[in-house]
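Structure first, commentary second.
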There are 2 protein chains.
Amino acid sequence: MITTTNTAPADPGAATYNIAAVERDTGLSKDTLRVWERRYGFPAPDRDQHHERVYPQAQFEKLRLLRLLIDYGHRPGKIINQSAEALARLVAERTPGQSPPAEIAVIIDLLLRHDTEGFRNALLQALMKQGLLHFVAETVTALNHWIGEAWLAGKVAIFDEHLYSEHIQNILRNSIIAQPGRGSAPRVLLTSLPGEKHRIGLLMVEAVLTAEGAACVALGAETPIIDIKNAVPAYDVDVVALSFSSAFTQSAALTGLVELRELLSGNIEIWGGGGALLRARKTPQGVLLLRSFDDMRYALERWRIERAPAT
Amino acid sequence: MITTTNTAPADPGAATYNIAAVERDTGLSKDTLRVWERRYGFPAPDRDQHHERVYPQAQFEKLRLLRLLIDYGHRPGKIINQSAEALARLVAERTPGQSPPAEIAVIIDLLLRHDTEGFRNALLQALMKQGLLHFVAETVTALNHWIGEAWLAGKVAIFDEHLYSEHIQNILRNSIIAQPGRGSAPRVLLTSLPGEKHRIGLLMVEAVLTAEGAACVALGAETPIIDIKNAVPAYDVDVVALSFSSAFTQSAALTGLVELRELLSGNIEIWGGGGALLRARKTPQGVLLLRSFDDMRYALERWRIERAPAT
DNA sequence: ACCTTTTTTTGTCCTGGACAATATGATTAC
DNA sequence: GTAATCATATTGTCCAGGACAAAAAAAGGT
């Protein structure tokens, strides 16, 4: 059921990937990988003794860069045959050279030194000093962004990112459970669609909503649309909020939102937010796109003014 | 990028799915769906005007049942041509009568009634009353088991399970972060292999280890073996602990443990635990199989006696 | 400058063959 | 009776290369 990802390379450290692993880790479908190879000549994986594609590390990394640039608006045909260095330069151009603000840099530095204790304490201190809302809306957002950048630049290892994710989850979940009140209206169902695995964005939203006094029903990541539909009456929620990280395609996010809108009764609101939707031009009918945490607070306030008196 | 899922069926309410939507929501790959059709004659989707598969609701639902039963051990070829009713009966048969102990039943009942507040409070009360170790080793273990059973019997919806998982995570992560001491030897790296997505088991272990005074470096789920290898020197750990839920094959778990053993230097211990390994006969050379939380505490104690004086 | 139509690009779906990985069943050894 | 070993059957994933719809870009018209 589970195929081996790294087939014990003779040269240790030079991992290789089969097509399923590449699909999983780059988000490019097997069909796309094959058709690119046919059309553009890249990627050009080796073959194992049974003719199956074996992608070397370098090609894997270039594919990740391509995915990123395409998400950012480049066309595959224009960039696919440029060198990895040229692509890296394009990525660098994207964010014009900036370096993270000092407070963020300090925290990232602790992560890079693998000082888990110091890292944890720095996060907790930032939370104490700034309060939950500011911590989430500014610090965690910035950390996500800069750690993503550092990962692209190869400065952060996968396991560092895993560790970061775990610590942030600990802190956010701790904040959520520590909220004193029970939360009143509106009742908000919070989840993401299948394919969207990032949980931190969801937790950030949950923490802020809970702090603002809404009653959250958090289902974690990757709930199929049909199950979201079924959960709405079961938990009697007023709003369904979906999170889409920038790993998700904008069009896929919009499609999902429209699909859900068709399934839910009109008096249930749908809110969508997250990196994938930041650059969306027009919002689908009957869906509210939230581009910042402030947007979310306004949406909450608006709901309370418009809807709450009804009861 | 993702094509429309529901192509405005003439008959409203009877949703239809294209192959991508079926893949997303059942977890069965497009290749599998096509090969089943070719081999067994099911599913037998309609075609749209361009010869593309269109799955009606009933087939979609039967596919979900099939997926469920296959995960539980049935073979596709034996069950794929039975009626949906027969399949539902098979699912019901799965639970061999027994009912959970009263304390567990009460908590599950709150979940089934979608009383999120009451559910949360019941968990917190159990934790207070029993203490962390007993709560994890007894109550959470039992809840995992019985909720799994109830899900198979169709009594618990997917979203209920999602909600359960979220609440347990909140509580466990809260316990972890609330630990007063900072943890000393041994330093334990805690994660699971790719394919093993269950995070609750990992959190249970982390909570207990932290309570026992070990220093945990938790990487969350699904760390590729090569990255575990690289993380060991980076975080200077003494022990690598891996968790395998019963969704994992026993042989896959053992293979993974052996592979890791070959990559790590001999003075790093490897511990493996979780449902997949409960019935393992012989333990691989150089690996410690932990079949209970007590086993884990003994292993910890043993390590401290044997290894700690060295420093 | 803005809207509409044509052209190009790009991703997904298709068929049907092949074969490795996994599970099952038979056989032998303890 | 239980456990290990091997043969056979089942099942999922991969492959090639053709086709075409959806999306984007370019061209044209007002």
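In what follows, chains carry the letters A, B, and so on, assigned in the order in which the sequence lines appear, proteins first and then strands, with residues in each chain numbered from 1.
- A close approach under 4.0 Å does occur between a side-chain nitrogen or oxygen of B/T32 and OP1 or OP2 of D/dT13.
- At whole-Å resolution of the value, CG in B/L63 and C1' in D/dG12 are 15 Å apart.
- Following rounding to the nearest Å, A/L33 (CG) and C/dT10 (C1') show an atom-to-atom distance of 14 Å.
- When every heavy atom of B/G41 is checked against every heavy atom of B/A44, the shortest pair comes out as O-CB, 3.8 Å.
- Side-chain atoms of B/H162 and A/T223 form a donor-acceptor pair, as typed in the model, at a separation below 3.5 Å.
- If B/R53 and A/H50 are placed on DNA chain C by their nearest nucleotide, the residue sitting closer to the 5' end is B/R53.
- A/R261 and A/G266 make their closest contact through NH2-CA, 3.8 Å (heavy atoms, listed as atom of the first residue, atom of the second, distance).
- In this structure, B/E23 places its CD atom 13 Å from C1' of D/dG12, rounding to the nearest Å.
- Across the interface with DNA chain C, nearest-nucleotide mapping of A/D31 and B/R38 shows A/D31 to be the residue nearer the 5′ end.
- One donor-acceptor pair, N or O on each side, does fall under 3.5 Å between the base of C/dG11 and the side chain of A/R39.
- Atoms NE2 (B/H74) and P (C/dA23) sit 15 Å apart, rounded to a whole Å.
- Phosphate contact (OP1/OP2 of C/dT15, side-chain N/O of B/R47, threshold under 4.0 Å): present.
- Residue A/E52 has its side chain nearest to D/dC15 when only C/dT12, D/dG12, D/dC15 are considered.
- Residue A/I270 forms a side-chain contact (heavy atoms from CB on, under 4.5 Å) with just one option from A/L288, A/V258, A/L264, and that option is A/L264.
- Of the two residues contacting DNA chain D, namely A/H51 and A/V35, the nearest-nucleotide position lying further toward the 5' end is that of A/H51.
- Of the side-chain N and O atoms in B/Y40, none sit less than 4.0 angstrom from OP1 or OP2 of D/dT10.
- What separates CG of B/D46 from C1' of C/dC13 is a distance of 17 Å, to the nearest Å.
- Out of D/dT10, D/dT13, D/dA24, the shortest distance to the side chain of A/R75 is found at D/dA24.
- Atom NZ of A/K229 sits in a sparse spot, with 12 or fewer heavy atoms from other residues, nucleotides or ligands closer than 6.0 Å.
- Checking B/K78 against A/K78, the closest nucleotide of DNA chain D that is more toward the 5' end is the one next to B/K78.
- Rounded to an integer number of Å, the gap from A/R34 CZ to D/dA16 C1' is 9 Å.
- Going from atom CD1 of B/I79 over to atom C1' of D/dT11 covers 13 Å, rounded to whole Å.
- At whole-Å resolution of the value, CG in B/D48 and C1' in C/dC13 are 10 Å apart.
- In terms of phosphate contacts, A/K30 brings no side-chain nitrogen or oxygen within less than 4.0 Å of OP1 or OP2 of D/dT13.
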